[in-house]
Structures are given as structure tokens and as C-alpha cells.
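A, B, ... follow the sequence lines: proteins, then strands. Residue 1 opens every chain. Note that the structure is predicted; figures quoted are calculated from it, not measured.
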2 protein chains.
Amino acid sequence: MEMPTGRSSMSPEDALRTAEDRFVAVWGQMAGAWGISRTMAEVHALLYITGKDLCTDDIMERLQISRGNASMSTRALVDWGILSRVNKRGDRKEYFQAEQDVWAMFRAIVRERMNREVDPLLASLHEIRDMTNIETSGAKPTGELREQIAGQKERIDAMLEFFVTLEKLGARFVSPSGKGLQLAASLLSKMPDFGALTSRDESSRERSSR
Amino acid sequence: MEMPTGRSSMSPEDALRTAEDRFVAVWGQMAGAWGISRTMAEVHALLYITGKDLCTDDIMERLQISRGNASMSTRALVDWGILSRVNKRGDRKEYFQAEQDVWAMFRAIVRERMNREVDPLLASLHEIRDMTNIETSGAKPTGELREQIAGQKERIDAMLEFFVTLEKLGARFVSPSGKGLQLAASLLSKMPDFGALTSRDESSRERSSR
DNA sequence: CCTCGTTTTCAGAATATTTTGAAAACAAAG
DNA sequence: CTTTGTTTTCAAAATATTCTGAAAACGAGG
């Protein structure tokens, strides 16, 4: 099968199409990072990169996936708030359209992950933290055990503090004034790092020997 | 089988142990969010919450997993830089110890995910962006096609901008002066949000009808 | 260069997730 | 109320990931 690589000479049409395909593939690989399935990511990628409104059949054909899969993926993406449904006059089909503002898109993703992951985690951590409180009120542990319990509380508190901070930052990013934080992030990222030498290739930290 | 819930009266020993188990379970559920396997997360959770140095056999016994699994999980966690190996005099076994500084731990995670996910993505996006440049130099597309190509470039650029910002923020967070950013984050998250009304329960955004 | 306690490896088994496709549900139009 | 084009559902199949366990490798002593 002939598979354009993007390297050799190619018509502009093919180059465009190949670039789309590569984008879809690359974005699909990031699926794990967003906590969604490969296909979901690909569907989103396709709609984002083409910038067009596509219907279920378009998506099925272009990505070679089943109708059921296409239906479930689009549904989930609409729930995430990064795709919207579009209806066309004189056409009973349903079209989909990707959020085109990248920052709005990531705000939606952050919002969703906060709700799904951070909030429940915070609730559980609080609950766990209290487990060694209430029961203890009767019996007063001493020595080793007392230390253990105190240590556990400290560790959970440290983690709670981290996630509470994260939660608040996330809430800000997601909130209407989130654009402010976006700006802050842009500025912050542009400023030079005045810390110790920002030596590149810290990545060569090697596997510790045993 | 008797399974302590943490609700009814319980000895402090049991409460401590049960709290540990719950923490391990909860942290294990977050595995997906960190892009690691459930067991890896559980191993890390166990070492973190107990605060003790544990050897492979301890881990196997406590989490009921195989030796191979324990070995692979600890190895991977050491590679991530959130566990360290510890050797004890007069004991040939190898012990493991979790990073106890929560912020240091998350810096390690961010560093790793930047390297594994963001950096390759940036490289790919640049490559894709150039695909419609080079080939085009020969043939000059016009009209519809020209628009399409321009649009694609804009969309990729928008995404690039986002990830470049993210990359820079990440680099700062990870760098030696990362503690500065940590402080900034803490402060930022504590300040009130002066944006539009921060109405809670935006989560009830409902499934759009068709 | 053996032994012994330990860790690592990795093919195959077990599990979990994702995808399919056909049937059911829907809803617009006649 | 029926037809028709469309979307949704979900059990079963396909695929991907994770885990096991036994064998191999390792390495500190002897």
C-alpha cells in the first residue's frame, strides 16, 4: 500500500491530508495523557485539525471505525465539553464541531479531570485522615504506635495541602477569570529562570545501581 | 471474611492498618491519572503512607502480588525518581523508601511526564507544521486549498503555543528554583478570585439534547 | 569457581479495556 | 400510525495491558 511519508515531493492536497493524518496519529498517542481512549482522542484530533463540521459517517470513513464506536466517542467528547453538536438545515444528520480555542479546550479538560479525579481524591483523603481520630478517642495509644499514627496524619496532611492547592489553582484556571491565569502563565513562562544554572539534559539521570 | 470499615469501634492498630489500606486503594485508583499501572501506584502508596523502608517480600506480602510484579514496579518507580533504594548493613535484601516530600515527588512526576509526553509531542507538532511548507514551495495552491492549509497552520500554531507555555512552566516547576513556583502557586491559590461570580456547581452542565 | 540468598526477566495466563455490529430506539416527515 | 434515515445501546469479540511464576542472572562470601 502507498503511504505518503511527507518527505518526498507530494501534491499540496496530499500534503494537507497527510499532515492531518499525522496529527490524528500523534494526538491519538496522547490519549493516555488525557485519560481517554485512543479513538476518542483521534476523533477529537480529526475535528480539530480539519476545522470542519463532520458527521458520524465522515468520521467512520476517515478513521475506519465502527458506527458504535463513533457514536460513543462523539458522545463522550460532547460530555467533556470539547465538541459541540451542529445541525444543518435540510439534513437530518448530526454534525460535530471541535472547540477551536485551544485554551478553552484545555480549560474544559482541566475542569473535567478536577471533577473526576481531584475532588473524589480530596474527599477520600479527608475521610482517611479522620479514621485514626475518632476511634482513638477511647483508647490512648502510646509509644511506637502513637508515633506511627502521628506520622500517618502528617503524610496525609502534606498530600492534602498539595491537592488543595492544585484544586484551587485548577478552579481559577477554569473560572471565568481563567484567562487571567492564562496570561499569568504566559508571562511567567517567558521570564528567564533566575534559579541555579538551568543546565539542559538533566534527563540523563541514570538508573541507580544496586 | 471480616473487613474493617473504619466506622465501628476498632483498636488503634487496626485503625492505622485500615487507614493504610484505604490510602493504598485510593492512590491505586489514581494510577490512570499519573499514567502508571495500578500496582505501581499501590506500591508507591504503601511506601509513602507507612513511611517505612520495605523490602520486596514485605511489599509482596502486604499487596498480595507476585515477586515479578513487585520487582518491575519498584524498578519503574525508582526510574521515575520517587522511590530510592536503601541497603541495610548485615542484610542482603534491598529496601525501598518513598520520597517523603510531596512537592519533590510531584516535581519528579512532572519532569518525567514532560520528557515522555510533552517533548515528543512538541517535536511532532513542529514536524507536522512544516509538512505543508516545504512541498508547497514548488506548486502554489490557491483558493479553497490555500485557505485550508493556512487554517491548519494556525491551528497547529495555537496548539504549539499552548504546549510551549506548558513546557516552560513545567521546566520552571522542575528546576532547582521550582520551589519559587511552588510558593507562587500557594499564594495564587489562596488569593480570592476577582473574576465574575465564582458560582459553584458549574458541574451540572447537562448533556445537550439532539 | 561454588554456593546461596536475592533480584530480574519474560513467555504465557489472567484481566481489563476498547471495538464491533446488529438490534432497538428515536424522531422527522408523510 | 408508518415509513425512513439516523443515532444509541450493549453483548460478544478483539485487542491491549498487566501479572505471574519459574528459570536465569546476579553477586557476595567462602
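- For DNA chain C, the neighbouring residues in residues 37-46 of chain A, judged by any heavy atom under 4.0 Å, are Ser37(A), Thr39(A).
- Counting only heavy atoms from C-beta on, Arg92(A) has its side chain closest to dT4(D) among dT4(D), dT8(C), dT8(D).
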Are there any protein N/O atoms within less than 3.5 Å of an N/O atom in nucleotides 21-25 of chain C, and if so, which ones and at what distance?
none

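- One finds no salt bridge joining Arg17(B) and Glu13(B) here, because no Lys/Arg side-chain nitrogen approaches an Asp/Glu carboxylate oxygen to under 4.0 Å.
- Rounded to a whole Å, the CZ atom of Arg85(B) is 13 Å from the C1' atom of dC26(D).
- Taking the charged nitrogens against the carboxylate oxygens, Glu94(A) and Lys88(A) have no contact shorter than 4.0 Å, which rules out a salt bridge.
- The distance from atom CE of Met60(A) to atom C1' of dG5(D) is 14 Å, rounded to the nearest whole Å.
- Within a 6.0 Å radius of CD in Gln100(A), other residues, nucleotides and ligands contribute more than 12 heavy atoms.
- Between the CD1 atom of Ile36(A) and the C1' atom of dT18(C) there is a distance of 13 Å, given to the nearest Å.
- The closest side-chain heavy-atom distance from Met159(B) to Glu154(B) is not below 4.5 Å.
- One finds a side-chain N or O of Arg75(B) lying less than 4.0 angstrom from the OP1 or OP2 phosphate oxygen of dT9(C).
- Crowding of Arg146(B) atom CZ: a count of heavy atoms from other residues, nucleotides or ligands under 6.0 Å not exceeding 12.
- Using a 4.0 Å cut-off between a side-chain N of Lys or Arg and a carboxylate O of Asp or Glu, Asp157(A) and Arg129(A) qualify as a salt bridge.
- Formation of a donor-acceptor pair under 3.5 Å by the Ser175(A) side chain with backbone atoms of Arg172(A) is found in this model.
- With Asp130(A) contributing its side chain and Asn133(A) its backbone, the two residues share no donor-acceptor pair below 3.5 Å.
- Straight-line distance from the CD1 atom of Ile59(A) to the P atom of dT8(D): 11 Å, rounded to whole Å.
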